[in-house]
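If you read the sequence from its start, that first residue is 1, and numbering goes on from there. Atoms within each ligand, like the ligands themselves, are counted from 1 in listed order.
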Amino acid sequence: MEKFLISGGSSLSGKIRVKGAKNSILPILAASLLTSEKVELKDVPDISDVKVMLNILECLGVKVTRGKGILILEPGSLYTSEIPESLMCEMRSSIFLMGPLLGRLGKVKVSYPGGCDIGPRPIDLHLKGLISMGVKIQEENGCVRAEVKSLKGSDIHLDFPSVGATENIMMAAIYAQGTTQIHNAAKEPEIIDLQNFLNKMGAKVKGAGTDTIKIEGVKNLKDVSYTLIPDRIAAGTLIIAAAITRGELMLENVIPEHLEAVIAKLREAGAEIWEEADVLHVKGGTIKSIQSVRTLPYPGFPTDMQAQTMALLTLAQGTSVITENVFDGRFSLVNELKKLGAVITVQGRSAVIQGVEKLHGAVVKAPDLRAGAALVLAGLAAEGHTIIEEIHHIDRGYESFEETLKKLGANIKRVGAPAVNV
Ligand code: EPZ
């Protein structure tokens, strides 16, 4: 299995361009099934979650042409509505394929996305929304089979502003008869990106980024060429890479308003962050503790930046508290950070982090995508050598993470043989 070998202590410096957003490309790839015409996507990150999603689309009958950062999809006529279980299990968020397949074919079979590294992944809000649009759902031995004669517009109130449920319902509503409204909708920038992509194909969606999204059913969608928004979580991860190594980075292709909550908290932690001619500058200094970081749905502090922030705060002067309000069980990083010398206690949804002078290298395991990235950040700052195992989690959401960091002065390399997909 591949591992990262890190020799800590170098301060990062230099300029790097942030790629397109993972959490935009995945729903947009699903939405591409809604048209039978050509879809061109630009600034696509080369990450394994995209590879898995493209394998699923090819299984459904989509012709995929891959270029450097570019994808051409020709959905044509799909020849199945059943998502292979092996591929579904590789990426639970592919549950939002239900919406487009119901819109296009009137039926879909997916396997239930079981619990994963960051806690249970229920889909009750997805199913409740689809059922209110006339979809018949059958759950049988770990699979969900859904069918509908014709989707009808509905007024849907989400109990929680779920990103995936919002996206699934948006896509199912595109061809529904009449109008659908989603109340208490997720407001993440990636939802706006999905709306813009759909509307560029001829859909009638408005309100993304607010609590209420309105979708008017249309008859069909046309071809499209679309460029993704930058990945705000990849950008936030690099900001922390500068802060934790007391380095200085310039990030290109960043939308600062997507990172307001993150920038505010990292300034509290002592990082200097400023914008100059659409480049975001970050300068690390003495790391200060933060009395409280509470993850919330957008525009609150993003749960996907929680692990990376925890890594930073292990080296702060003083004690910090992080409260995870979005997922149950997103503290798998704690035990790995403790192996590096961090002092953290978990009390329910909160983690209390007592800053230490220094971290020391150790052998650790990436428990999930963002905790894996956080361990890399901690390894960059730790004294001595750190080995990070299970780095396939990191490859799901960061394109050649070690190459990016090496370009900025990090002493990191990938060793070992990649896992062979059996
Ligand atoms: C999306 O996951 C992101 N993934 C996640 O990013 C992100 O952490 C999450 O939104 C929150 O921002 C993609 O966009 C591909 P949710 P999603 O539905 O849609 C509960 C990363 O690291 N819930 O907003 O699965 C759920 O259990 C990944 O890039 C229900 O109870 O998240 C969770 O507690 C990780 N019932 C909360 O809502 C449902 O039907 C938020 O989940 C659906 C969700």
Legend entry - Sub-3.5 Å N/O-N/O distance, E167 and ligand 1: no
Inset, instruction - Verify the neighbour count for atom CD of E140: are there more than 12 heavy atoms of other residues, nucleotides or ligands below 6.0 Å? - result: yes
Legend entry - Region of R396 engaging ligand 1 - heavy atom pairs below 4.0 Å: neither
Inset, instruction - Have a look at ligand 1 and work out which part of L369, if any, has a heavy atom under 4.0 Å from it: side chain, backbone, both or neither. - result: side chain
Legend entry - Under 4.0 Å to a heavy atom of T303 - the qualifying atoms of ligand 1, by number: 8 (O), 11 (C)
Legend entry - For atom 1 (C) of ligand 1, the option (of T295, V163, N168) bearing the nearest heavy atom: V163
Legend entry - Polar contact flag for L125 and ligand 1 (N/O pairs, less than 3.5 Å): yes
Legend entry - Proximal candidate to atom 31 (O) of ligand 1 [heavy atom criterion; set P122, A21, P297]: P122
Inset, instruction - Would you mind running through ligand 1 and noting each atom that sits below 4.0 Å from a heavy atom of V326? - result: 33 (C), 34 (O), 37 (C), 41 (C)
Legend entry - Mode of E190 contact toward ligand 1 - side chain, backbone, both, neither (heavy atoms, under 4.0 Å): neither
Legend entry - Residue portion contacting ligand 1 (non-hydrogen atoms closer than 4.0 Å) for R370: side chain
Legend entry - N or O pair under 3.5 Å between G164 and ligand 1: yes
